[in-house]
Structure formats: structure tokens, C-alpha cells
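Each ligand, and each atom within it, is numbered from 1 in the order the structure gives.
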Amino acid sequence: MRHIAIIGSGPAGYYTAEAALKQWGDGVRIDMIDRLPVPYGLIRTGVAPDHQSIKAVARRYEGVALSEQVRFLGNVTVGQDVRMGELTRLYDAVVLATGAPHDRPLAIPGEGLGNVFGSAQFVGWYNGHPQFAALDPDLSGGTAVVIGMGNVALDVARILAKSRAEFAGSDIVAHALDALGQSRIRRIVVIGRRGPHQIMMTPKELGELSHLERAAPRVDPADLPEPGEDALLEPGLRKSVTHLRGFAAIPESHYADLPIEIEFDFFAAPKALIGNGKVEEIELERTVVEGGRAVGTGETWRLPASLVVACIGYQTSPIPEVPFDERAGRFANDEGRILPGLYCVGWARRGPSGTIGTNRPDGFSVIERIVEDLAPGPSGRAGGAGFDELARARGLHITGFDDWQKIDQAETTRARADAPREKFVDINDMLAATREN
Ligand code: NAP
């Protein structure tokens, strides 16, 4: 019997479990440990609430979770409730699939001002992540500045722009829906330190900005390169740039009919945030792109900014006893290998890039590494039975997949009429739901 522990129950964790089941079938026992009492990681708390079709992938993970060989062990923080060394002694292999849940710092003056958030915080707020549910951003000012030209920046800009009716069918949490309903933000400025040819936004997501009920995107035609230069771009990026060209051609009269604008501000590097306790302005420096890099020109200007959300990428949280690459913001690893018996996968291995599906080959490849490394024959490790003993001795309150099913049921039952669920945003409420029925 092989005993595998996977830390983190998001996409990378579930694809790794799927790969382990394919590899060993009945000859494996898999424990998936998560710090939250509920599974699915980024699917639940990262993917935008109005992108329900992307969240549907959780059904595939449920198939894996319900396999007899797989257990979900929620509400357990590795490095706090159990030590990494304890896990590596109990299991043949431990795979860190902990993602990249922390914001990369902007590292500019004024970052600590009020109403300045990283996207992990802001997205966590509207998605009901227990860590960020109480964020309480102030949406009473006129101009939101969203830093970054990736899909997360698009998510944040779109969520800020949508009307209440446009959230029908989404699982945005009630506190965010109410706050957004009261929002006075009318100008959303998306800041890119490079140009239209260097955006990270994908075409489908960018195209959604054309269909908003009360907002329209605005691109300054002067920022766009000569159309002929688009031919050199890879097809996906070329499609995205075509959307930008479409935005640049929107007639001025269209904006007069709509209360909200989403402006794209290219060649603008954030230099400082200015305000008295709370952010009021952002200072930007004009850039030129040289050899693919943004180079400052020394020309600076200021924009009003009553809310700032930096969507500039994420980093993994270090875990005691696990080597960490500070510069890259992820575990130090060689093709997923960290130390003997300890591996990483997904964003914890390669950093925060790619789609959810990118994690599937990652999961399969880490299992291949484990197969290469394992000595033949039974290892005699205690696996899950050893974990249970440890958990009992420490009095850990662990949630199983059946507990998640109760939470899921309770969230579905208390949903608004037009929503698939109303998430619990407090861990105690999640645990209380497991005690009902
Ligand atoms: P991303 O795609 O890496 O974009 C980060 C953006 O931040 C880039 O435009 C980058 O500019 C900019 N940036 C980084 N540091 C900066 C700084 N110091 N100052 C100003 N700008 C800075 O990251 P993401 O948007 O967080 O997305 C993470 C991953 O999740 C991506 O793979 C994304 O596609 C995926 N995702 C997908 C979806 C979807 O499919 N619907 C939704 C959300 C996220 P430079 O390029 O100049 O560095």
C-alpha cells in the first residue's frame, strides 16, 4: 500500500489525487489536507463568482473525493496543527498543493494606506474567503484604480462595474453584493506598466467588458501599435489586442449613455500612493517598452484613486521546515521535488500562471516523479491511521467530505432566489452547519 498526503484541495491537489488513483488504483490511500473546513481552494474562493461555468469543474473533483481511497481532512493547518516532519514520517510522499494565496507586494511608498488592497484580499472579500470576508472596502469614492493587466485585474474591474441584476446566477456573497450595490465608483482605471502588446488578459475574459449593462471600456487609440504589428503576436494575444482595438473604436456618444467607464491606461508604472490615512491619489510614471521591459521616462503624473486594488500576482505561503525560494515566492524545488518524500505541484511549484487545466499535467507529472523515487515494496509507513492517532491526541476538529456535503447543502438551502449558494464566510458557521442534521 502507498500512503500519499496532499496538502491543499484546490485544482492542483485534486488533479494530483486523480493521477495517484490512476497510478496505483486500490493500492493507494490518499489524505487531502486543507486549512479550511471546505474543499476546492481557488475554485471556491478565487474564480470569479460570475464565472459559474468554470466552477463546474468541482464536480469532477467530487468524483475523485468520493473514491474509497481518498479522504478529505479539512480544518487542519500544516505547520501549526501538524508539523511537516510528522507528515513526511507518516506518508510515503507528501505533495504540497497549497497554491499561491498571498499578494505580491507593490513595494512603492503609500502601500500601507487605507483602502489599498492586493487582489488576494479583494477577491477573497467578494468570494467570502474567511480570512478576507471582513475587509470592508470603502466604495464611496469615485475612482477605483486596478493595477495590472492580467485576468485577475479584469475580474476585479468587471465585478466593480456590474449592476446587482448582472450578479444573478452568481455566488457572490451577500456582504459584497450589498456593498457593491451602494458603490459610487464611476471610473475604473486599469493600469499597465507596459503596452497593449504585453497584456496578460485572455480574449474571452476581455470580450466580457463589451457586454456590461452600465459600463463600457475605453482605450486611447494613440496607445495602440500599428495594426500590422499584431500579425507577429501569438493567436490568443492577437485576439485580445483585437478586443482592445474594438474598445478604442467605441464612439464617444456611447459613453454618454452609461454611468461607468473602464479605462485602460498603458505605459504607466505605479510610483507612489498618496493620501492622508486613506488613499486619495496614485502617482504614475510614463514608460516606454524596450526589449520587452518597461523603462521609466521620468515623466510623472497623478490620478485620483479612492480605492486601489493591486492585481500583480501572488506568492506561496512558506511552511516551517520547507525550503522556500524567496525571490520566486514559491517552494524551492526541482521539477516538483523539494526534499526526499516531499514534493510540490501547481502554483506552489511553478508560480501563479496558467489556467485551471494547466494543473492537470502538473499533477500527473509529480506522481511520475514519486513513482521514480519510491523504493519498491511496502514502506510500512502508518499513513492515515498514524495521522488519525496524532489528530486524536491533539484534539483536532477535522472535517471530512461528508461534513463538506452538509455545509454544501446548508449553503444551497440558504441561497438567494437567483444564486446557487450563499457561502458561509466564518469558519465557526461552517463547523456549526456540520453539526446540523
Ligand atoms: P498575471 O496574468 O501574471 O498578470 C499580472 C499583471 O500584473 C501583469 O500585467 C504584470 O505586468 C503586472 N504587474 C506585475 N508586477 C507589477 C508591478 N510591480 N507594477 C505594475 N504592474 C505589475 O497575474 P494574474 O492576473 O494575477 O493571474 C494569475 C493567473 O490566473 C494567470 O495565469 C491568469 O490567466 C489566471 N486567471 C485566469 C482567469 C480566467 O481564466 N478567467 C481568471 C483569473 C486569473 P508585466 O507583464 O509588465 O509584469
Side-chain angles (χ1 to χ4, degrees), residues 10-12 41-43 45-57 99-111 116-124 126-127 145-159 170 189-209 236-237 239-241 244 264-273 282-296 303 305 308-316 327-330 346-348 350-359 362:
L42 215 64
I43 300 294
T45 58
V47 170
D50 55 345
H51 281 173
Q52 287 296 310
S53 59
I54 300 182
K55 289 181 188 249
V57 72
H102 285 298
D103 288 304
R104 280 185 46 212
L106 261 175
I108 58 173
E111 191 168 8
V116 176
F117 305 110
S119 50
Q121 296 176 295
F122 197 76
V123 171
Y126 63 62
N127 262 334
V145 168
V146 179
I147 303 174
M149 287 274 174
N151 281 333
V152 173
L154 272 182
D155 282 346
V156 168
R158 189 183 68 253
I159 296 291
S170 83
V189 187
V190 184
I191 304 281
R193 59 181 172 183
R194 299 192 290 161
H197 273 188
Q198 286 83 31
I199 59 170
M200 305 295 281
M201 297 161 169
T202 46
K204 184 172 159 285
E205 284 64 27
L206 204 46
E208 286 177 67
L209 296 192
L237 181 55
K239 273 194 201 153
S240 291
V241 174
L244 295 179
F264 285 73
D265 208 342
F266 295 102
F267 307 108
K271 283 286 131 186
L273 297 165
I282 180 167
E283 185 174 296
L284 298 159
E285 181 180 13
R286 182 62 65 222
T287 62
V288 288
V289 176
E290 283 174 10
R293 293 191 53 238
V295 180
L303 267 187
V308 172
V309 187
C311 308
I312 61 165
Y314 300 117
Q315 51 194 6
T316 296
R327 255 196 67 236
R330 53 179 140 83
W347 282 9
R350 59 174 211 280
S353 65
T355 62
I356 287 161
T358 315
N359 294 299
D362 243 35

To the nearest 0.5 Å, what is the distance between [atom1] ([X]) and [atom2] ([Y])?
X: Arg194; Y: Met200; atom1: CZ; atom2: CE; result: 7.5 Å
X: Arg104; Y: Ile312; atom1: CZ; atom2: CD1; result: 5.0 Å
X: Ile54; Y: Glu205; atom1: CD1; atom2: CD; result: 6.0 Å
X: Leu303; Y: Asp265; atom1: CG; atom2: CG; result: 6.0 Å

Is it the case that more than 12 heavy atoms not belonging to Lys239 sit under 6.0 Å from its NZ atom?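 At most 12 heavy atoms, drawn from other residues, nucleotides or ligands, come within 6.0 Å of this atom.
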Winner among [options] once heavy atoms are compared against [atom]:
atom: atom 1 (P) of ligand 1; options: Met149, Met200, Lys271, Gln198; value: Met200
atom: atom 34 (O) of ligand 1; options: Leu42, Ile108, Asn151, Ile199; value: Asn151
atom: atom 32 (O) of ligand 1; options: Gly354, Gly357, Ala294, Ala268; value: Gly354
atom: atom 17 (C) of ligand 1; options: Arg193, Met201, His51; value: Arg193

How far is [atom] from its nearest protein heavy atom, and which residue and atom name does that atom have?
atom: atom 4 (O) of ligand 1; answer: Gly150 CA, 3.6 Å
atom: atom 22 (C) of ligand 1; answer: Ile312 CG2, 3.5 Å
atom: atom 12 (C) of ligand 1; answer: Gly148 CA, 4.0 Å
atom: atom 30 (O) of ligand 1; answer: Trp347 CZ2, 3.6 Å

Any non-hydrogen protein atom less than 4.0 Å away from atom 38 (C) of ligand 1: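 When distances to the protein are checked, atom 38 (C) of ligand 1 has a heavy atom within 4.0 Å.
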For residues [X] and [Y], report the shortest heavy-atom separation together with the two atoms involved.
X: Thr287; Y: Ala268; result: OG1-N, 3.9 Å
X: Asp362; Y: Gly346; result: OD2-N, 2.8 Å
X: Val116; Y: Glu111; result: CG1-O, 3.6 Å
X: Leu244; Y: Pro196; result: CD1-CB, 3.7 Å

For ligand 1, which atoms, with element, lie under 4.0 Å from some heavy atom of [X]?
X: Arg194; result: 45 (P), 46 (O), 47 (O)
X: Ser353; result: 32 (O)
X: Asp155; result: 42 (C), 43 (C)
X: Ile147; result: 20 (C)
X: Pro352; result: 28 (C), 29 (C)

Where on Cys311 is there a heavy atom closer than 4.0 Å to ligand 1, on the side chain, on the backbone, on both, or on neither?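 It is the backbone that gets close, since no side chain atom is under 4.0 Å.
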With a 4.0 Å heavy-atom cut-off (strictly under), which part of Thr355 contacts ligand 1: side chain, backbone, both or neither?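 Near ligand 1, Thr355 shows nothing, with every heavy atom at 4.0 Å or more.
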When you compare ligand 1 with Val152, is there at least one nitrogen or oxygen pair between them that comes in under 3.5 angstrom?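 Looking only at distances, the answer is yes, because the N/O contact criterion of under 3.5 Å is met.
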Has ligand 1 got any nitrogen or oxygen that is less than 3.5 angstrom from a nitrogen or oxygen of Glu205?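 Indeed, backbone or side chain, Glu205 has an N or O that close.
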Evaluate the criterion side-chain contact (heavy atoms from CB on, under 4.5 Å) for residue pair Val47 and Val57; output intermediate values, then yes/no. CA-CA 11 Å; Val47 170; Val57 72; over 6 Å; no
Please work out whether the ring planes of Phe264 and Phe266 are parallel, tilted or perpendicular, with thresholds of 30° and 60°.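 Plane angle under 30°, so parallel.
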